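Quantities reported herein were computed from a predicted structural model and do not represent experimental measurements. We use all heavy atoms of the structure for the numbers below, so side chains are in, but hydrogens, waters and symmetry mates are not. Each chain gets a letter, A, B and so on, in the order the sequences are listed, and its residues count up from 1.
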There are 2 protein chains.
Amino acid sequence: MSRISPKRALFEQFASVAKAVAHPLRLEILEQLAQGERSVEVLADRTRVSVANASQHLQHMRRAGLVTARRAGKFVFYRMADDGVLELLAALRRTAEARSAEVERVVRNYFHDRDALDAVSRVELVERLRSGTVTVLDVRPRDEFALGHLPGALNIPASELERHLAELDPIREIVAYCRGPYCVLSYEAVALLRARGFKVRRLEDGLPEWRGAGLPVEASGPP
Amino acid sequence: MSRISPKRALFEQFASVAKAVAHPLRLEILEQLAQGERSVEVLADRTRVSVANASQHLQHMRRAGLVTARRAGKFVFYRMADDGVLELLAALRRTAEARSAEVERVVRNYFHDRDALDAVSRVELVERLRSGTVTVLDVRPRDEFALGHLPGALNIPASELERHLAELDPIREIVAYCRGPYCVLSYEAVALLRARGFKVRRLEDGLPEWRGAGLPVEASGPP
DNA sequence: ACATCATTCAATAAATTCATTGAATGATGG
DNA sequence: CCATCATTCAATGAATTTATTGAATGATGT
């Protein structure tokens with residue numbers, strides 16, 4: 001009898017996109033995909049869930065159009081559909097940040113207190129890069145670095161940082177970055193390096209935002 | 001034993017915000033609230049659901065911090081927490097629009113075909129208002145108009161438009177607007193008025209976006 | 001105090017989402 | 001063609017979400 005109203009049909013579509021990002025694991029997977037494409041196994045590994053489970057979540061997001069899949073031999077590589085998804089995630093973060101005291105509490109306890117929270121903005125870093133007065137330090141794992149990184153960045157994964165301090169010039173100021181605004185790696189790196197007397201600050205967000213802003217990215221290509 | 005990781009805790013917060021917008025009815029309620037504050041009964045009425053049901057959805061969104069409630073006598077008025085929520089909704093729309101063929105189909109069938117889709121942008125309308133060469137027509141219900149509308153706008157609800165054509169100057173160009181980019185009212189109004197020989201176009205989106213852009217809004221106050 | 005009205009709460013049943021398990025598919029390399 | 005490996009599928013049960021119903025709460029006006 002009564003057909004569904006066009007307005008309701010639209011809202012249903014919008015809701016299904018929202019549902020696709022309404023699960024903590026899917027958000028974590030998306031943070032990974034924001035760095036570059038990834039196979040199902042790698043994603044399952046990084047997020048510490050079973051392969052079957054990761055696969056299901058990935059398909060959920062594929063149905064919603066948030067990610068796309070590409071088959072290469074035995075592997076299926078997923079990637080973020082486009083930068084619009086990054087914007088949606090950023091809007092989600094901002095809303096959560098502004099509205100939930102819980103988010104602030106977590107952020108304060110685990111992130112900001114480790115740091116003087118004087119992060120470097122993208123535009124400031126662009127300036128400093130032009131004048132060549134900073135070392136840019138990428139503290140993500142090597143494979144993520146290989147898929148794309150800030151121009152001229154040095155890659156020392158956070159887990160190996162302590163053993164590779166010799167590679168850093170103790171005079172030049174360092175700017176560290178990682179996956180995004182809520183990635184712990186760069187916070188940890190800053191804390192460690194400051195304790196060793198280095199002059200170091202964090203980039204306010206990570207590689208995906210840098211790329212999303214249309215700034216240049218270097219890639220080493222797959223090894 | 002193992003505490004929840006801070007990263008997971010954050011993603012859980014983000015996901016709960018996403019969940020709060022992941023239901024078609026809640027999105028419809030939010031579209032209403034974008035116009036201004038509303039009592040539970042009015043919202044239930046507009047969205048054609050039971051009062052208890054509307055109340056539950058409202059509380060869900062209140063817990064997520066998307067809306068706030070204010071008691072006035074017997075009534076409880078809900079309102080959107082702030083403009084950040086509008087941004088989240090806009091990002092959701094854009095993502096859905098870009099990624100789902102279904103959205104495009106619905107939009108094309110029910111909206112664009114009725115219209116030459118040459119909508120007027122906000123900046124263009126600001127220009128035209130300055131030079132005083134257009135009549136701005138608000139086709140939303142009277143109560144929504146009373147809560148806030150574009151400066152100098154004329155209010156003729158879409159349902160009464162046919163009976164009030166005499167109030168419109170047949171010479172001047174008309175720009176019609178309503179609740180937002182997916183509100184049918186202005187599409188219907190444009191179709192009706194064009195059929196009657198008026199020169200009329202739609203504003204690309206509605207009052208909430210106008211207000212969100214920091215442009216001036218007139219209010220009649222409650223009657 | 002009492003009746004009324006808007007809203008919320010509590011309980012229930014139906015529907016949906018989720019993680020897990022083990023089997024099926026599809027490509028690769030001997 | 002067979003064995004292997006990455007991924008997907010299908011089936012299950014547990015957990016969560018949702019709409020409905022009727023009762024409880026809280027404010028108002030008589």
Within the 6.0 Å centroid threshold, strictly below: B:Phe14 and A:Tyr182: yes
Separation of C:dA19 P from A:Arg48 CZ (nearest whole Å): 17 Å
A:Phe145 and A:His149 aromatic ring geometry - parallel, tilted or perpendicular at 30°/60° bounds: parallel
A:Phe75 or A:Gln59, whichever maps to the more 5' nucleotide of DNA chain D: A:Phe75
Please list, for nucleotides 16-18 of chain C, all pairs of protein and nucleotide N/O atoms separated by less than 3.5 Å.
unit_1 : atom_1 : unit_2  : atom_2 : d
C:dC18 : OP2    : A:Arg26 : NH1    : 3.4

Stepwise side-chain hydrogen bond (donor to acceptor under 3.5 Å, both in side chains) check, B:Tyr187 with B:Arg202: CA-CA 7 Å; B:Tyr187 285 94; B:Arg202 262 179 11 92; 3.1 Å; yes
For nucleotides 1-3 of chain D, give me every protein contact, N/O to N/O, under 3.5 Å, one pair per line with atom names.
none

Give the table of side-chain donor-acceptor pairs shorter than 3.5 Å for residues 27-34 of chain B, with sequence neighbours excluded, one pair per line with atom names and distance.
unit_1  : atom_1 : unit_2 : atom_2 : d
B:Glu28 : OE1    : A:Arg8 : NE     : 2.9
B:Glu28 : OE1    : A:Arg8 : NH2    : 2.9
B:Glu31 : OE1    : A:Lys7 : NZ     : 3.1

Note, B:Trp210 side chain near B:Val217 side chain (heavy atom, < 4.5 Å): yes
Nearest-Å distance for atom pair CZ/P, residues B:Arg63 and D:dT18: 10 Å
Quick test: give all pairs of protein nitrogen or oxygen and nucleotides 28-30 of chain D nitrogen or oxygen below 3.5 Å, distance rounded to 0.1 Å.
none

Under-4.0 Å side-chain N/O to phosphate OP1/OP2 contact, B:Tyr78 with C:dT8: yes
A:Arg122 with A:Asp205: basic N within carboxylate O range, under 4.0 Å: yes
Residues B:Arg38 and B:Glu144 bridged, charged N to O under 4.0 Å: yes
Sugar-phosphate, base or nothing in reach of A:Phe77, heavy atoms under 4.0 Å: nothing
Rounded interatomic separation in angstrom, taking CG from B:Leu58 and P from D:dT18: 13 Å
Result of checking A:Arg211, A:Arg179, A:Arg140 against A:Gln35 for side-chain hydrogen bond (donor to acceptor under 3.5 Å, both in side chains): A:Arg140
CD/B:Glu162: more than 12 non-hydrogen atoms of other groups inside 6.0 Å: no
Shortest non-hydrogen contact between B:Ser186 and B:Cys178, atoms and distance: N-SG, 3.3 Å
Give the table of side-chain donor-acceptor pairs shorter than 3.5 Å for residues 59-68 of chain B, with sequence neighbours excluded, one pair per line with atom names and distance.
unit_1  : atom_1 : unit_2  : atom_2 : d
B:Gln59 : NE2    : B:Ser55 : O      : 3.3
B:Gln59 : NE2    : B:Ser55 : OG     : 2.9
B:His60 : ND1    : B:Arg26 : NH1    : 3.3

Sidechain N-carboxylate O distance under 4.0 Å for B:Glu87, A:Arg93: no
Stepwise side chain to side chain contact (heavy atoms under 4.5 Å, CB included) check, A:Val200 with A:Leu137: CA-CA 10 Å; A:Val200 53; A:Leu137 177 64; 5.9 Å; no
N or O in side chain of A:Ser55 less than 4.0 angstrom from D:dT8 OP1/OP2: yes
Sorted by number, the residues of residues 27-43 of chain B with heavy-atom contact under 4.0 Å to DNA chain C: B:Ser39, B:Val40, B:Glu41
